[in-house]
2 protein chains.
Amino acid sequence: MLSKKTKYGLQALTFLAREYGRGPLLISDLAEREGIPKKFLEAILLQLKNAGILQSRKGKGGGYSLGRRPEEITVGQAVRILEGPLAPVPCVSETAYQRCTECEDERSCGIRLVMKDVRDAIARILDNTSLQEMLNRSEEARREFGPLDYHI
Amino acid sequence: MLSKKTKYGLQALTFLAREYGRGPLLISDLAEREGIPKKFLEAILLQLKNAGILQSRKGKGGGYSLGRRPEEITVGQAVRILEGPLAPVPCVSETAYQRCTECEDERSCGIRLVMKDVRDAIARILDNTSLQEMLNRSEEARREFGPLDYHI
DNA sequence: AAATAGTCTATAGATTTAATAGACTAAAAC
DNA sequence: GTTTTAGTCTATTAAATCTATAGACTATTT
């Protein structure tokens with residue numbers, strides 16, 4: 001299960017992707033619009049910035065914006081930054097490999113072989129889905145199901 | 001990342017699958033052979049038993065064994081019991097669905113659409129891999145790489 | 001200089017994970 | 001039927017991680 005941190009991060013990235021090209025957004029606005037605790041979001045955005053996928057400006061007219069085009073940022077990148085490796089076990093991780101201490105022969109460990117498949121499947125999806133593609137799929141679904149009727 | 005609990009559980013299940021048909025195994029033996037804290041393993045095996053995939057006998061000659069044939073127990077079942085739902089977010093879980101509170105239209109949420117793909121990919125692998133298949137793959141790999149040469 | 005808005009450090013509360021201790025119960029053996 | 005064996009149940013604890021908040025600090029614009 002993804003942590004709240006990662007979910008908040010993905011929400012914020014989606015928002016920033018949708019607004020891409022219209023100048024920076026304030027943390028406070030993002031926090032309010034997405035219902036995320038402001039201070040928590042601050043830390044999340046900073047982490048994404050330090051990892052290179054966001055940029056920021058201080059002072060009036062400042063705020064956060066994507067560091068690259070929405071086509072060039074993948075969900076996989078964001079998840080790895082906020083959640084850690086995609087792999088279910090460290091011995092199949094590409095980005096944070098760690099040998100299994102108790103496993104006498106890694107190459108023939110059944111658990112590892114299965115979890116390697118899982119890792120690859122997750123990576124295939126998340127590393128090939130950009131923020132832009134996520135927006136496109138969302139739009140497509142909206143067209144398919146028709147606009148929401150707000151009846152509250 | 002899988003918890004130690006789940007990893008220990010999968011190790012124990014693998015061991016029990018390999019020994020299937022030769023009578024019950026003692027917790028203590030399993031714990032020692034796999035390097036798992038005995039009391040921790042106790043709780044794990046009990047949980048797997050209560051969920052129906054292990055059986056046990058008390059007293060002399062007792063111990064734990066698989067509740068069904070190794071072909072009939074999937075890795076997905078074990079992971080769900082010990083780790084919880086496979087889905088990265090509750091709103092795409094088949095076994096523990098929970099609506100997303102903040103999401104105004106679930107059907108067109110981009111994050112959800114992507115995470116649904118991830119869940120399906122994970123489930124496709126884990127629900128179609130039995131303990132027996134895991135053993136088979138392990139054996140296959142052992143044949144491919146040749147036997148280990150122990151040089152310690 | 002004043003106002004704006006991100007940055008950094010520290011901390012605290014809650015939850016989860018990992019592990020341990022010890023009393024209890026069922027089954028077999030004698 | 002008592003002793004031994006081996007799983008079951010309850011409680012507790014230490015450590016780690018997650019979530020959130022406070023406040024001082026720095027950079028930028030007006």
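Model, not experiment: these values are computed from the prediction. Here is the naming used below: chain letters follow the sequence lines, and residue numbers restart at 1 for every chain.
The CD1-P distance, from I44(A) to dT19(D), rounds to 9 Å in whole Å. Distance, L46(A) CG to dA5(C) P: 18 Å, rounded to whole Å. The CD-P distance, from Q47(A) to dC8(C), rounds to 12 Å in whole Å. The nearest whole Å value for the distance from the CG atom in L54(B) to the P atom in dT8(D) is 10 Å. Rounded to a whole Å, the CG atom of L41(A) is 12 Å from the C1' atom of dA20(D). Between the CD atom of Q55(B) and the P atom of dA6(D) there is a distance of 17 Å, rounded to whole Å. Rounded to an integer number of Å, the gap from CG of D29(B) to C1' of dG7(D) is 14 Å. What separates NZ of K4(B) from P of dA14(D) is a distance of 18 Å, to the nearest Å.
The phosphate of dT19(D) (OP1 or OP2) has a side-chain N or O of S3(A) nearer than 4.0 angstrom. An OP1 or OP2 oxygen of dA18(C) is reached within less than 4.0 angstrom by no side-chain nitrogen or oxygen of Y8(B). Checking the phosphate oxygens (OP1, OP2) of dT8(D), a side-chain nitrogen or oxygen of S56(B) falls inside 4.0 Å. The phosphate of dT29(D) (OP1 or OP2) has a side-chain N or O of R57(A) nearer than 4.0 angstrom.
Judged by distance alone with a 3.5 Å cut-off, no donor-acceptor contact links the side chain of E83(A) to the base of dC18(D). A donor-acceptor contact under 3.5 Å is not formed by the side chain of K60(B) with the base of dT4(D). At a cut-off of 3.5 angstrom, counting only N and O atoms as typed in the model, there is a donor on one side and an acceptor on the other between the side-chain of K39(B) and the base of dG22(C).
What you find for R68(B) and I53(B) is that their closest heavy atoms are NH2-CG2, 3.4 Å.
Using a 4.0 Å heavy-atom cutoff across all strands shown, L26(A) reaches sugar-phosphate atoms only and no base atom. Note on L2(B): nothing from the nucleic acid sits closer than 4.0 angstrom, heavy atoms only. Within 4.0 Å (heavy atoms only), I27(B) reaches sugar-phosphate atoms of the nucleic acid but no base atom. Contact annotation for K38(A): no contact, since no heavy-atom pair falls under 4.0 Å across all strands.
Residues G61(A) and A43(A) each lie close to DNA chain D; by heavy-atom proximity, the contact nearer the 5' end of the strand is made by A43(A).
In terms of modelled atom types and a separation under 3.5 Å, the side chain of R99(A) and the main chain of C91(A) share no donor-acceptor contact.
Closest to the side chain of E42(A), from the set dC8(C), dT26(D), dA18(C), is dC8(C). Of the candidates dG6(C), dA6(D), dA19(C), the closest approach to any side-chain atom of P37(B) belongs to dA19(C). The listed nucleotides are dG6(C), dC8(C), dT21(D); the one nearest the side chain of F40(A) is dT21(D). Of the candidate nucleotides dC9(D), dT7(C), dA6(D), dA6(D) has the atom lying nearest to any side-chain atom of K58(B).
Under a 4.0 Å N-O distance rule, the pair D127(B)/R80(B) qualifies as a salt bridge.
Side-chain contact check for E83(A) and S3(A): at least one donor-acceptor pair (N or O, by modelled atom type) lies under 3.5 Å. A side-chain donor from one of N136(A) and Q132(A) sits under 3.5 Å from a side-chain acceptor of the other. Using modelled atom types and a 3.5 Å distance limit, the side chains of Q11(B) and R33(B) yield no donor-acceptor pair.
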